[in-house]
K.L.:
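Once you've had a glance at the structure underneath, I'll fire off some questions.
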Amino acid sequence: MQINSPQDLAPFIQHTLIKAGTTHDQIVAHAEEAVAQNFGAVMVPASWVPEVAAVVRGTGVQVASALDFPTVGVMTSYGKAREAEAIAKAGADQIDIGVQVGWLKSGREDDFRNDIAGVVEASGVPVKVMLELPLLTDEEKERAVELAMDAGAKWLKNASSGAIETASPESVRYLVERIREGVLVKASGAITGYDQAVALVEAGASALGTSAGMELVQGDTASTSY
């Protein structure tokens, strides 16, 4: 897609606020920003999903949340599925999940896939899988992509945050070249400036996970790891 101005980025932005100590007023203001700017989604911790869902209801802005994050692969598969079910019931339209990188590296491919599939089945909403590409070998990357799609993932993400990878057109293109029909790519990780965001969209990203949404649509640059 051609981006001609900062405001053209708005539908791609998943406006993220995941920070310890965030208050009710801050969460509501964050959701209201997403509505005012017509962002694609607002990404918040599970504990704040009901409040955000109430703010954005009827606006077309999606509610997104995450689990097994920011340190990925630490939850049990059972716990992950039950949490996903609860998040969806609370009002989330999309869920981003961490993956069991260690299981993949240990050859436990069935467990890796079933961990994702359990969330897909329990939640009933589109699931975005944070693949943590920089932590994987070339062979592991290929297997992670295939297993995630086999599990029913509707979105693939390059990474969970800027602590793992600064989102790049190269990582986006890697995923775009491998996705099946109906699967989309979300770029995530220290998306801080307009030019970077445009390059990610032009590479094929259908969503941008960032806490710098307001700066991006104003053509400014921010400092953020999400």
Side-chain angles (χ1 to χ4, degrees), residues 1-20 22 26-27 29-31 33-45 52 61-66 69-72 93-99 126-136 141 145 153-177 179 183-226:
M1 175 178 173
Q2 185 71 34
I3 303 295
N4 297 310
S5 70
Q7 193 59 42
D8 289 342
L9 289 171
F12 295 90
I13 292 173
Q14 304 221 319
H15 195 36
T16 303
L17 179 56
I18 299 178
K19 184 171 61 175
T22 300
Q26 289 170 333
I27 280 288
H30 185 75
E33 284 180 346
V35 173
Q37 297 295 330
N38 196 30
F39 288 147
V42 54
M43 165 68 72
V44 296
V52 169
V61 177
Q62 297 267 291
V63 180
S65 191
F69 167 86
T71 303
V72 306
D93 302 300
Q94 312 168 3
I95 299 176
D96 294 35
I97 66 169
V99 293
V127 172
K128 304 198 289 290
V129 177
M130 311 178 206
L131 293 174
E132 310 293 54
L133 293 179
L135 304 184
L136 306 177
K141 290 177 185 178
V145 168
K154 294 300 183 184
W155 293 76
L156 300 183
K157 293 177 60 176
N158 58 300
S160 57
S161 73
I164 301 297
E165 180 182 48
T166 297
S168 68
E170 292 74 22
S171 287
V172 170
R173 280 193 290 268
Y174 178 88
L175 295 175
V176 168
E177 290 169 359
I179 53 174
V183 179
L184 301 172
V185 173
K186 176 180 175 180
S188 181
I191 302 174
T192 59
Y194 173 75
D195 289 343
Q196 178 192 12
V198 171
L200 294 170
V201 171
E202 291 180 343
S206 296
L208 306 173
T210 178
S211 58
M214 295 302 293
E215 288 86 354
L216 293 181
V217 296
Q218 294 164 1
D220 296 331
T221 299
S223 175
T224 178
S225 61
Y226 289 118

K.L.:
Going through the distances and angles, do V72 and I164 end up as a side-chain contact (heavy atoms from CB on, under 4.5 Å)?
P.N.:
CA-CA 11 Å; V72 306; I164 301 297; over 6 Å; no
K.L.:
Do you know which two heavy atoms are closest between N158 and A167, and how far apart they sit?
P.N.:
ND2-CA, 3.9 Å
K.L.:
To the nearest 0.5 Å, what is the distance between CG on L175 and NZ on K157?
P.N.:
11.5 Å
K.L.:
So, S160 versus E132: side-chain donor-acceptor pair below 3.5 Å or not?
P.N.:
yes
K.L.:
So, using side-chain contact (heavy atoms from CB on, under 4.5 Å) as the criterion, who are the partners of D195 when residues are at least two apart?
P.N.:
none
K.L.:
Taking all non-hydrogen atoms of both residues into account, name the closest pair between A205 and A187 and its distance.
P.N.:
CB-CB, 4.1 Å
K.L.:
Give the minimum heavy-atom separation between A207 and W155, together with the two atoms involved.
P.N.:
CB-CZ3, 3.5 Å
K.L.:
Can you give me the closest heavy-atom contact between Q14 and A64, atom names plus distance?
P.N.:
OE1-CB, 4.4 Å
K.L.:
Report the distance from atom CD1 of I191 to atom OG1 of T166, rounding to the nearest 0.5 Å.
P.N.:
9.5 Å
K.L.:
For K186 and M130: C-alpha separation, side-chain torsions, deciding distance, then whether side-chain contact (heavy atoms from CB on, under 4.5 Å) applies.
P.N.:
CA-CA 9 Å; K186 176 180 175 180; M130 311 178 206; over 6 Å; no
K.L.:
Would the distance check show the side chain of S65 and the main-chain N or O of V44 forming a donor-acceptor pair, the cut-off being under 3.5 Å?
P.N.:
yes
K.L.:
side-chain contact (heavy atoms from CB on, under 4.5 Å), that's the test. Do E165 and S171 meet it? Break it down for me.
P.N.:
CA-CA 9 Å; E165 180 182 48; S171 287; 2.7 Å; yes
K.L.:
Is there a side-chain contact (heavy atoms from CB on, under 4.5 Å) between T210 and T16? Walk through the geometry before answering.
P.N.:
CA-CA 5 Å; T210 178; T16 303; 5.6 Å; no
K.L.:
Measure the CG-CZ distance between L200 and R173 for me, rounded to the nearest 0.5 Å.
P.N.:
9.5 Å
K.L.:
Could you work out, with side-chain contact (heavy atoms from CB on, under 4.5 Å) as the rule, every residue matching V217, not counting sequence neighbours?
P.N.:
Q7, A10, I13, Q37, F39
K.L.:
Closest heavy-atom contact between L184 and S206?
P.N.:
CD2-OG, 3.7 Å
K.L.:
Using every non-hydrogen atom in the two residues, find where A34 and V42 come nearest and quote the distance to one decimal.
P.N.:
CB-CB, 4.0 Å
K.L.:
Calculate, to the nearest 0.5 Å, the distance between atoms CG and NZ belonging to L131 and K141 respectively.
P.N.:
10.5 Å
K.L.:
By the definition side chain to side chain contact (heavy atoms under 4.5 Å, CB included), identify the one residue from D96, V52, L17 that meets it with M43.
P.N.:
D96
